[in-house]
Amino acid sequence: MSAARPPAGTDVPHQRPVEDELTQAVLDSFRDTEDPRLRELMRSLVRHLHAFIRDVRLTEDEWQQAVAFLTAVGRSTTDRRQEFVLLSDVLGASMQTINVNHETVDDATEATVVGPFFVEGAPEIPLGGDLAGGAPGEPCWVEGTVTDTAGNPVPGARLDVWEADEDGLYDVQYGPDRTAARAHLFTDDHGHYAFWGLTPTPYPVPHDGPVGALLARTGRSPLRASHLHVKATAAGLRTVITHIFVEGDRLLSQDAVFGVKDSLVKKFDRQPPGTPTPDGRLLPDRSWTRVRFDIVLRHA
Ligand code: BEZ
Ligand code: FE
């Protein structure tokens, strides 16, 4: 860092005209962009990018480091790993995009990040079925209803559910041939659903790449608050991709991707071993939990 460089936020009056002139020239260069939305996006991006560079008085060395970092993010991205999305996630950009596109309306279920572990075509389970598929973890009975914002039950709504096991891993992280702790099911004629899953536990976002290095250098944890992913889809209603978070989880206020919304935090009631289960399943030797999550969908 050069000793001569003024601190962030410092205006450098004699430089202002030349810096303003450059910003304006770049803004003007998009004048003939045919697509008005693209023109708006590019001009706003340039305005904010130039303002950032000027605000922090970016050094050439820092600019080079930024380019090297983005290059490493690109090199880490493969068919199976999206380091750019992860970067967007840990910067809160994914969550802010969701906020902008999914306004909080009435009591409609709020959306949160999809994450990298959703897989199309997960197996169907019947109502009351078990999605664990052998994945290790404490059993969890999840039930609720799907209604529209007027309170009408939604029969036949599709729920896709996926979660990490108690070792903090999704099935796909073991290899391409494993399917566990993920399934889909449909609500009954009264819009009711129930299934056995696993009590969610905390786990880290992938942190063995450049984004993980950034988290480490900035003293941030890669851990996500414990959660179970739910995607709810029904004809004529807006799809919501959301989570159920665990009340009392110490990570609720420091989720690595800023995905927590208060309305999604639910009580997972722990039941001692031997407690009768809602469907007569025998669990004599282990505790289990139960949670209620009612889903409210907006009209499309
Ligand atoms: C997840 O919930 O699985 C996740 C979300 C964002 C980044 C990484 C993982
Ligand atoms: Fe997740």
Side-chain angles (χ1 to χ4, degrees), residues 73-74 76-99 101-102 109-120 122 131-133 135-138 140 142 159-176 178-184 195 197-216 218 220-232 239-247 249-261 263-266 268 289 291 293:
V73 170
S76 307
T77 298
T78 65
D79 287 351
R80 298 178 59 83
R81 177 178 183 136
Q82 235 304 351
E83 195 79 357
F84 274 111
V85 175
L86 187 59
L87 178 60
S88 162
D89 292 342
V90 304
L91 293 179
S94 308
M95 208 49 218
Q96 199 67 291
T97 306
I98 289 167
N99 286 341
N101 286 280
H102 299 262
T109 299
E110 293 189 280
T112 187
V113 284
V114 59
F117 300 120
F118 174 71
V119 175
E120 293 286 355
L131 61 72
E138 181 185 45
C140 175
V142 185
L159 301 181
D160 279 272
V161 183
W162 67 105
E163 60 176 319
D165 63 23
E166 70 179 357
D167 294 325
L169 293 169
Y170 285 82
D171 51 3
V172 291
Q173 293 177 287
Y174 290 92
R178 183 176 161 108
T179 301
R182 75 173 67 243
H184 74 273
F195 63 87
L198 303 173
T199 309
T201 50
Y203 66 89
V205 300
H207 59 111
D208 55 347
V211 172
L214 176 69
L215 291 176
T218 52
R220 283 180 50 185
S221 163
L223 287 176
R224 289 222 57 204
S226 312
H227 62 274
L228 182 153
H229 294 257
V230 181
K231 175 181 177 184
T239 295
V240 70
I241 299 178
T242 191
H243 291 3
I244 316 176
F245 290 100
V246 179
E247 193 180 281
D249 182 359
R250 67 180 171 84
L251 293 166
L252 285 173
S253 59
Q254 38 190 305
D255 183 42
V257 302
F258 308 94
V260 179
K261 292 192 166 168
S263 69
L264 304 177
V265 179
K266 300 294 170 192
F268 284 68
T289 60
V291 63
F293 186 58

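Order of listing sets the numbers, starting from 1, for every ligand and every atom in it. Treat the numbers as computed from the prediction; the structure is a model and nothing was measured.
Ion pairing of Asp208 with Arg81 is present here, as a side-chain N (NZ or NE/NH1/NH2) and a carboxylate O approach within less than 4.0 Å.
Contact of the Lys261 side chain with the Met95 side chain is registered, since non-hydrogen atoms from C-beta on lie closer than 4.5 Å.
The Gly115 neighbourhood of ligand 1 comprises atoms 4 (C), 5 (C), 6 (C), with distances under 4.0 Å to a heavy atom of that residue. Within ligand 1, counting atoms from 1 as listed, the ones closer than 4.0 Å to a heavy atom of Val205 are 7 (C), 8 (C), 9 (C). Per-residue contacts place Asp89 under 4.0 angstrom from the following atoms of ligand 1 (heavy atoms of the residue considered): 6 (C), 7 (C). Under a 4.0 Å criterion applied to the non-hydrogen atoms of Phe117, ligand 1 contributes the atoms 3 (O).
For Tyr203 atom OH and His227 atom NE2, the angle they make at the Fe ion (ligand 2) is roughly 90°, to 10 degrees.
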Worked verdict on Thr242 versus Thr112 for side-chain hydrogen bond (donor to acceptor under 3.5 Å, both in side chains): CA-CA 5 Å; Thr242 191; Thr112 187; over 6 Å; no
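Under a 3.5 Å cut-off, the side chain of Glu83 and the backbone N or O of Val211 do form a donor-acceptor pair.
Taking distance alone, with nitrogen or oxygen atoms compared against 3.5 Å, His243 stays at or beyond that limit from ligand 1.
More than 12 heavy atoms of other residues, nucleotides or ligands sit less than 6.0 Å from atom CD of Gln254.
Closest to atom 9 (C) of ligand 1, if we only count protein heavy atoms, is Pro116 CD, 3.3 Å.
Note: His207 NE2 to Ser221 OG = 8.5 Å, rounded to the nearest 0.5 Å.
With atom 1 (C) of ligand 1 as the reference point, the heavy atom nearest to it among Tyr170, Tyr203, Phe258, Trp162 is part of Tyr203.
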